[in-house]
**Q** 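Can you read through this structure? Questions will come right after.
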2 protein chains.
Amino acid sequence: MDKRQITLKSIAKALNLSPSTVSRAMKDHPAISAKTKALVREYAEKYKYKPNTLAIRLRTNRNNTIGVIVPEVVHFFFSTVLAGIQEETEKGNYNIIFCHSNEDYEREVKSVETLLDARVCGILASQSKTTASFEHFQEIVDSNIALVFFDRICTGINTDKVVVDDYAGAFKAVDYLVQTGCRQIAFLGMNPSLPISNNRRMGYEDALRKNKIPVDKDFMKVCDVAEMVHKVVPEILKRDKIPDAFFCINDEVAAYCVQIVKASGYRIPEDISICGFTNSYITEVTDPTLTTVDQHGFEMGKQAARLLINRIEGTETKPGIVSKVIKTELVVRDSTR
Amino acid sequence: MDKRQITLKSIAKALNLSPSTVSRAMKDHPAISAKTKALVREYAEKYKYKPNTLAIRLRTNRNNTIGVIVPEVVHFFFSTVLAGIQEETEKGNYNIIFCHSNEDYEREVKSVETLLDARVCGILASQSKTTASFEHFQEIVDSNIALVFFDRICTGINTDKVVVDDYAGAFKAVDYLVQTGCRQIAFLGMNPSLPISNNRRMGYEDALRKNKIPVDKDFMKVCDVAEMVHKVVPEILKRDKIPDAFFCINDEVAAYCVQIVKASGYRIPEDISICGFTNSYITEVTDPTLTTVDQHGFEMGKQAARLLINRIEGTETKPGIVSKVIKTELVVRDSTR
DNA sequence: TTGAAAGCGCTAACAA
DNA sequence: TTGTTAGCGCTTTCAA
């Protein structure tokens, strides 16, 4: 039943060799004779020897594992990033320990603890919406563990990051809305403390300014989840002066916005244009389909993972803090004129 | 700079104790004096001692890590299951190593290797669409590692599983379609080698039979991704006898189906009803919103993880292979009469 | 070309 | 109440 595990030692004993010789034979050490190598290899093959990773890691003090903290995995963008991370770490021969903060500060702190306990060699993190302090992230840095933020970066920590050009993406989208004739463009954003939201707001404002359209604070609302859309959008539509476009912080908000705007009797895009952000699956099945800004999450995941691995392995050539920016792309569909 | 790590040994030296005493003090061993405990604790606190998990795991031969293999994480259902798994493993104090087969057999095999190499204490897996052989899964069992399949179970392996009551879910949905007046119900399914698809097909057929409606093979198609919908549905709509309902294998198929059916000039649900499966976000933003079958992915993830942990810890009381079934629920929205 | 020995950080049986 | 010792499985220096 409980078959003894095959170890270097057991192989050594069986073959009348020393463990060190077996170890060397297994890793093709030049000093070992071809004959011995063959002998050891054959035996190992036959008895399905599997090196004990734990022992190797303890011995070498490197465990080829990185931690990933995602705020919400049931989300097109973040799951796409995760897929990108996975692809890259697989290539680099790293395992991923997956943590889910679920947009909750406490769980985020706990996730960091977990990862430090597991002695990962690096951490990829995107902070939760509710995170306001960042000692836990500082602890990672203090422990000399590589840390790369992606998308929702933490401005309080000075470390590598990979972000989307939120400003440019928003600018392009809003400028496009203006070019197609919109003049009263509402912005449905997130908590402005998150840089991604703030940057998009600036892109939005600058696009308006460039086109000599006044920026109206009344047209800027925090509105980033379904329930808020159902509250905020009808309110806006009840005003005397209603917008002729909505620029939304993500595709879900845009999709619900489409619904509400249609239900209120307006035509899309003739009366009101709507633009999302992310380019998730959802954009293809709303009616009309959604114009949006592609965030290239997969690429972001890959680049973040690559950067982290380079840091870990000391092969990152750029000096100082590295800040990568993923280009966004306007994807025009039918929800805009 | 390169601060030496705090270890039990280093604490022992500093405090003039033996490592074993320190070890015991840290874990509140009854034999240690309160004074010593306090001393050790204080020192550990001050210098932020963190036990080396790797060493503990090597020593105790248990690493509190489980592996998860997901076929496609950018997918409402699977990411929801992952979130459920994460919630439960966090409670149980297990880490998750995340693997992504990406619906690819080769990567699935590699994932299993990775997890066995990492010496996880258990594996949760849902197989990829392209998996036809299962020696890799058998290897898990042979290695005496706990294995629980979820959703896309592998029928070739005799082990614990957690599935949705696909048959009942399909039966309910199709029966509902019939009750609401549909008579020609098409089934857009997956590769019939996957049990989930086969079970739903049987539910579909039995619901028709129960209602004395002939089962027509021409109304049953393999059609489970966007591109296929764009090919298959228009073909069906070109026939002399077209369906008055589509029962779809997932919500994405249903959503694209809505689009195509509308574009072909039919009204939903007056002319044609459409029903999906999963109850993902998408169902709320199509127009009309989608009737679907809720799969309760989060619950499935939790139960699968719980079952696996019980197996690992030997606390599963049920004898033999355990097969859990998650109840589905028909969610009626506007795409059906 | 191979082996002996030490040690990674921790635990636990046994001894004192 | 505390210490000694051995060892988990592996790597690596040093010696032979």
Side-chain angles (χ1 to χ4, degrees), chain A residues 2-41 43-44 47-65 93 116-121 143-144, chain B residues 2-41 43-44 47-65 93 116-121 143-144:
Chain A
D2 209 46
K3 205 167 46 175
R4 287 296 303 130
Q5 209 191 127
I6 306 292
T7 67
L8 288 186
K9 209 169 146 190
S10 74
I11 297 180
K13 204 188 228 168
L15 262 36
N16 237 308
L17 290 167
S18 78
S20 40
T21 303
V22 177
S23 169
R24 286 188 275 244
M26 287 307 294
K27 44 186 40 158
D28 214 11
H29 192 285
I32 303 296
S33 74
K35 202 174 138 202
T36 308
K37 275 182 194 168
L39 191 69
V40 170
R41 294 282 182 63
Y43 188 95
Y47 292 98
K48 300 200 177 171
Y49 166 69
K50 277 203 185 301
N52 186 324
T53 333
L54 258 29
I56 297 176
R57 289 173 179 182
L58 175 61
R59 178 62 229 241
T60 59
N61 207 19
R62 286 269 329 294
N63 72 3
N64 267 61
T65 298
N93 243 301
L116 290 180
D117 281 354
R119 284 188 150 64
V120 293
C121 12
S143 309
N144 254 306
Chain B
D2 210 46
K3 205 168 46 175
R4 287 295 303 131
Q5 210 191 130
I6 307 293
T7 67
L8 288 187
K9 208 168 147 192
S10 74
I11 297 181
K13 204 188 229 169
L15 263 34
N16 236 307
L17 291 167
S18 79
S20 43
T21 303
V22 177
S23 168
R24 286 187 277 244
M26 288 304 295
K27 45 186 40 158
D28 213 11
H29 192 284
I32 303 296
S33 74
K35 200 175 139 201
T36 308
K37 274 182 195 168
L39 190 70
V40 170
R41 293 280 181 67
Y43 187 96
Y47 292 98
K48 301 201 176 167
Y49 167 69
K50 278 204 184 301
N52 187 323
T53 333
L54 259 29
I56 298 176
R57 289 172 178 181
L58 175 61
R59 179 62 228 242
T60 59
N61 207 21
R62 285 268 330 292
N63 72 3
N64 268 62
T65 298
N93 243 299
L116 290 179
D117 281 354
R119 285 187 149 64
V120 294
C121 11
S143 309
N144 253 306

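The basis for the numbers below is simple: all heavy atoms, side chains too, and nothing from hydrogens, waters or symmetry mates. In this text, all values refer to a predicted model and were calculated from it rather than measured experimentally. Residue numbers start from 1 in every chain, and the chains themselves are labelled A, B, ... in the order their sequence lines are given, proteins ahead of strands.
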**Q** Distance-only criterion, 3.5 Å: show the donor-acceptor pairs between side-chain atoms of residues 27-35 of chain B and protein atoms not counting sequence neighbours.
**A**
from: D28(B); atom 1: OD1; to: K37(B); atom 2: NZ; distance (Å): 3.0
from: H29(B); atom 1: ND1; to: A31(B); atom 2: N; distance (Å): 3.1
from: S33(B); atom 1: OG; to: T36(B); atom 2: N; distance (Å): 3.1
from: S33(B); atom 1: OG; to: T36(B); atom 2: OG1; distance (Å): 2.7

**Q** Looking at K50(A), does any N or O in its side chain come under 4.0 Å of the phosphate oxygens OP1/OP2 on dG9(D)?
**A**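 So the side-chain polar atoms of K50(A) never come under 4.0 Å of the phosphate oxygens OP1 or OP2 of dG9(D).
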
**Q** Extract from the structure each pairing of a protein N or O with an N or O of nucleotides 12-16 of chain D at less than 3.5 Å, listing the distance.
**A**
from: dT13(D); atom 1: O4; to: R24(A); atom 2: NH1; distance (Å): 3.3

**Q** Nearest-nucleotide wise, let me know which of L8(B) and A31(A) is further upstream toward the 5' end of DNA chain C.
**A**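 Going by which nucleotide is closer to the 5' end, it is A31(A).
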
**Q** I need the L39(A) CG to I11(A) CD1 distance, nearest 0.5 Å.
**A** 10.5 Å

**Q** For I56(B), which contact category applies under a 4.0 Å heavy-atom criterion: base, sugar-phosphate, or nothing?
**A**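 The residue I56(B) makes sugar-phosphate contact but no base contact.
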
**Q** How would you list, by chain and number, every residue that makes a side chain to side chain contact (heavy atoms under 4.5 Å, CB included) with K13(B), sequence neighbours excluded?
**A** none

**Q** Base, sugar-phosphate alone, or nothing: which one does N52(A) contact when heavy atoms must sit under 4.0 Å apart?
**A** sugar-phosphate

**Q** Return the 5'-most residue of the pair T53(A), A34(B) with respect to DNA chain D, ranking by each residue's nearest nucleotide.
**A**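 This one resolves to A34(B).
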
**Q** Rounding to an integer number of Å, can you tell me how far N16(A) CG sits from dT1(C) P?
**A**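 Checked: the CG to P distance equals 20 Å.
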
**Q** Mind checking side chain to side chain contact (heavy atoms under 4.5 Å, CB included) for S20(B) and listing every partner two or more places apart, or none if nothing turns up?
**A**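 Testing S20(B) for side chain to side chain contact (heavy atoms under 4.5 Å, CB included), a comparison that skips the adjacent residues, returns S18(B), R24(B).
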
**Q** So, using side chain to side chain contact (heavy atoms under 4.5 Å, CB included) as the criterion, who are the partners of I56(A) when residues are at least two apart?
**A** P51(A), T60(A)

**Q** In this structure, how many angstroms lie between the P atom of dA12(C) and the CD1 atom of I32(B), rounded?
**A** 13 Å

**Q** Tell me which nucleotide among dC10(D), dG3(C), dT1(C) gets nearest to the side chain of S33(A).
**A**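 Out of dC10(D), dG3(C), dT1(C), the nucleotide with an atom closest to S33(A)'s side chain is dT1(C).
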
**Q** By side-chain hydrogen bond (donor to acceptor under 3.5 Å, both in side chains), which residues pair with N64(B), not counting sequence neighbours?
**A**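 Here the qualifying residues are R62(B).
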
**Q** Could you give the CG-to-P distance, from L39(A) to dT2(C), as a whole number of Å?
**A**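 Computing the L39(A):CG to dT2(C):P distance gives 10 Å.
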
**Q** Could you give the NE2-to-C1' distance, from H29(B) to dA13(C), as a whole number of Å?
**A** 11 Å

**Q** Taking any heavy-atom pair under 4.0 Å as a contact, classify L54(A): base, sugar-phosphate, or nothing.
**A** nothing

**Q** Using atom CZ of R119(A) as one end and atom P of dC8(C) as the other, report the distance to the nearest whole Å.
**A**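 Between P of dC8(C) and CZ of R119(A): 14 Å.
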
**Q** Separation of L58(B) atom CG from dG9(C) atom P, in whole Å?
**A**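 It works out to 12 Å between those atoms.
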
**Q** Once you round to the nearest 0.5 Å, how far does CG of L58(B) lie from CG of N52(A)?
**A**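 Output value for this atom pair is 6.0 Å.
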
**Q** Hey, which of these two, N61(B) or K37(B), hits DNA chain D nearer its 5' end, going by closest nucleotide?
**A** K37(B)

**Q** N63(B) has an atom CG; how far is it from atom C1' of dC10(C), in whole Å?
**A**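 Atom CG in N63(B) sits about 15 Å away from atom C1' in dC10(C).
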
**Q** What is the distance, rounded to the nearest whole Å, between atom CG of L17(A) and atom P of dT1(C)?
**A**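 Computing the L17(A):CG to dT1(C):P distance gives 14 Å.
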
**Q** May I ask you to verify if any side-chain N or O of K9(A) is less than 4.0 angstrom from the OP1 or OP2 atom of dG7(D)?
**A**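 False: K9(A) side-chain N/O out of range (4.0 Å or more) of dG7(D) OP1/OP2.
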
